[in-house]
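So the structure is just underneath, and the comments pick up after that.
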Amino acid sequence: MDSASQGVVHRTPAVEGLTEVEEEELRAELAKVEEEIVTLRQVLAAKERHCGELKRRLGLSTLGELKQNLSRSWHDVQVSTAYVKTSEKLGEWNEKVTQSDLYKKTQETLSQAGQKTSAALSTMGSAISRKLGDMSSYSIRHSISMPVMRNSATFKSFEDRVGTIKSKVVGGRENGSDNLPSSPGSGDQTLPDHAPF
């Protein structure tokens, strides 16, 4: 090291037990190792560039390499002792569960419940279809023309309101005008803002 770089380096007091000569030797070795690290980084960068160029010329892509690495890793996992033991244990547990009486009874019960539910839904669906078929043949017009409904207070009230609205709307046309009255000062009645329903 030259004197300029030594002035920049912060000098620490010598560690106890080291002489000044030993400290200087250690500092020289440290500088040498740091220089080797820089050189190795430069060599590594050059090797990586060369490797990338070779891969490019061979048509190898990063995605292809990633797939290959994942495939290799998955294969390594599958042949690992832990994976094999876990797979065997899960297989044993699955066999024990599916062979147990409780599992078989539960499976039979669920199967029967599914069949009963399906039959009930089918019956309900056909009943609803029949009712809808019956209702489609029943006309609303027929129900309104029934004398009982025509004589009810609700129907008469509704009929009166429709008649009142009709006379107000058609009233302007009876006077020879096709337009509704436009201003309240014209002497004709106008429609109220809110119909009395």
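Computed from a predicted model, the values in this text were never measured in an experiment.
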TODO: Examine distances only and state if a side-chain atom of Ser111 and a backbone atom of Gln107 form a donor-acceptor pair shorter than 3.5 Å.
DONE: no

Task: Rounded distance [0.5 Å steps], CG in Leu44 versus CZ in Arg49 - done: 10.0 Å

Task: Value rounded to 0.5 Å, distance of NZ in Lys105 from CG in Leu102 - done: 8.0 Å

- [ ] Drop me the distance from Lys96's NZ to Asn94's CG, to the nearest 0.5 angstrom.
- [x] 12.0 Å

Task: salt_bridge(Lys32, Glu29) N-O dist < 4.0 Å - done: no

Open item on the list: Salt bridge check, Glu23 against Arg27: does any charged N sit closer than 4.0 Å to a carboxylate O?
Closed with: yes

Open item on the list: Checking the side chain of Glu95 only, and the main-chain atoms of Glu92 only, is there a donor and an acceptor separated by less than 3.5 Å?
Closed with: no

Task: Spacing of OG1 belonging to Thr106 relative to NZ belonging to Lys104, to within rounding of 0.5 Å - done: 12.0 Å

Open item on the list: A side-chain contact here means heavy atoms from C-beta on lying under 4.5 Å apart; do Leu121 and Thr117 qualify?
Closed with: yes

Task: Spacing of Glu24 atom CD and Leu18 atom CG [to the nearest 0.5 Å] - done: 11.5 Å

Open item on the list: Quick one: does any side-chain atom of Ser118 pair with a main-chain N or O of Gly114 as donor and acceptor, under 3.5 Å?
Closed with: no

Got a list of side-chain donor-acceptor pairs under 3.5 Å for residues 70-85, not counting sequence neighbours?
residue, atom, partner, partner atom, Å
Arg72, NH1, Asn69, OD1, 3.2
Ser73, OG, Asn69, O, 2.9
Ser80, OG, Val77, O, 2.6
Ser80, OG, Tyr83, N, 3.4

TODO: Any chance you could lay out the side chain to side chain contact (heavy atoms under 4.5 Å, CB included) test for Leu54 and Leu60, step after step, and finish with the verdict?
DONE: CA-CA 9 Å; Leu54 292 174; Leu60 300 174; over 6 Å; no

